[in-house]
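All values reported here derive from a predicted model rather than from experimental measurement. Both ligands and their constituent atoms are indexed starting at 1 by order of listing.
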Amino acid sequence: MPPFDEYVNEIRSLWESRMLTNGGEKHAALEAALGAFFGEPHLSLCVNGHSGLEGILDVLGLTGEVLTTPFTFASTTNALVRRGLTPVFCDILPEDYTLDPAKLEEKITPRTSAILAVHVYGNLCHTEVIEAVAKKHGLKVIYDAAHAFGVTKKGVSAAAFGDAAMFSFHATKVFHTIEGGAAVFRTAGNKEAFDRWKNFGLQGDAAGVFGPNAKMNEFAAAMGLCNLRRLEACIAARKTAAARYRENLRGVKGLALPPAQPGVKSNYAYFPVVIDPAAFGCTRDALRDALAAQNIAARRYFYPLTSLSPAFGGRYAAADTPVAARVAENVLCLPLYEGLTDADIDRVCGVIIRNSECEIRN
Ligand SMILES: *Cc1c(COP(=O)(O)O)cnc(C)c1O
């Protein structure tokens, strides 16, 4: 969180304007600041990342089937189903957990309209290959960039890829507005359509499309203005913490550390480790329990695969996407945040190393 006084100063003018939402001064200032930060001007703020995704699907006019990954948060898949689209799940790459571009073409049918890929843990999708497949088959490309705020590939922002990208500014993300998000488009027309969509689809007094209420309020935008000033320091602190984890855990048998992609500047959003239980000596869940017993909250994330959501009623199988299934069963995200001390990191690593030496317990 920003210093309390800084936030209070940021919201002071709202007591004069009495403009609390519906696109006030803070909303305008944050849209401009983020547009400049990304180098992408056609950006629209919204109430959360999930609604950004639903709005993008509507604005791009998608129909039928969408190729996507099951190794993601519920939101990605829910957005497709809620907008009347059929997710077609493709497997991920074992090295960086993003969509495997080689698995896309075999799943394309005459009903396919788009690819919805997810940047995972601060790593980026193989955008060139994904977009080449899309171009060949006339598909739109959308990125769930909820994990990728501040991430760049060869200096190009994660916001710049595909037909549109969604960012989440939820309180748990690297950059946040308490709850919030943004949709980034390539054209002013799409941004304007999203601006209307998030305000009930109103054109004048009446709905031109059946939009929801998905506007970001002024207090959330003010939080974003404060947090954007601290972003660089926040990412630097995460980078230092991630390096210490890496140093401490290097060489632990059966423990895959987070991938580092060439040319990609990460935001160190997460520190996922993937366990090979036979080589490591205990299962992911046993390790999670051992950490929890020491008051250390490591998270199974992403788990389970969204294709296995009870809401699908067993329509999809883990065996359809074996790499994603293996990673989801064995991944654990270690605590990582600004303010995590070296001593904390060493304590977490101590528990992991002690457990790596024990027998398989379940
Ligand atoms: C956080 C997250 C979302 C949802 O964003 P909200 O702002 O919480 O609605 C979607 N996809 C991924 C991958 C996320 O991590």
Item to complete: Tell me whether the centres of the aromatic rings in Phe38 and Phe149 are closer together than 6.0 Å.
Response: yes

Worksheet entry | Backbone of Glu329 reached by a side-chain donor or acceptor of Arg284 within 3.5 Å | yes

Practice prompt. Name the closest protein heavy atom to atom 1 (C) of ligand 1, giving the residue it belongs to and the distance to 0.1 Å.
Written response: Lys173 NZ, 1.7 Å

Item to complete: Applying side-chain hydrogen bond (donor to acceptor under 3.5 Å, both in side chains), name anything that partners Thr63, two or more places apart in sequence or on another chain.
Response: none

Discussion item. Using the rule side-chain contact (heavy atoms from CB on, under 4.5 Å), only one of Leu124, Leu116, Ile130, Val118 pairs with Tyr143; which is it?
Written reply: Ile130

Worksheet item: With a 4.0 Å heavy-atom cut-off (strictly under), which part of Phe71 contacts ligand 1: side chain, backbone, both or neither?
Response: neither

Worksheet, complete the sentence: min-distance protein heavy atom vs atom 11 (N) of ligand 1 -> Asp144 OD2, 2.7 Å

Worksheet, complete the sentence: ligand 1 atoms nearer than 4.0 angstrom to some heavy atom of Tyr301 are 15 (O)

Discussion item. Nearest non-hydrogen contact with atom 8 (O) of ligand 1 belongs to which option: His50, His170, His147, His176?
Written reply: His170

Worksheet, complete the sentence: Which of Thr68, Leu67, Asp320 passes side-chain contact (heavy atoms from CB on, under 4.5 Å) with Phe89? It is Thr68

Discussion item. Using a plain distance cutoff, I'd like to know if Ala146 has any nitrogen or oxygen under 3.5 Å from a nitrogen or oxygen of ligand 1.
Written reply: no

Discussion item. Contact between ligand 1 and Gly180 is defined here as a heavy atom of the residue under 4.0 Å from a ligand atom; is it met?
Written reply: yes

Worksheet item: At under 4.0 Å between heavy atoms, which part of Thr72 makes contact with ligand 1: side chain, backbone, both or neither?
Response: side chain

Worksheet item: Are Phe73 and Phe302 an aromatic pair by the rule of ring centers under 6.0 Å?
Response: no

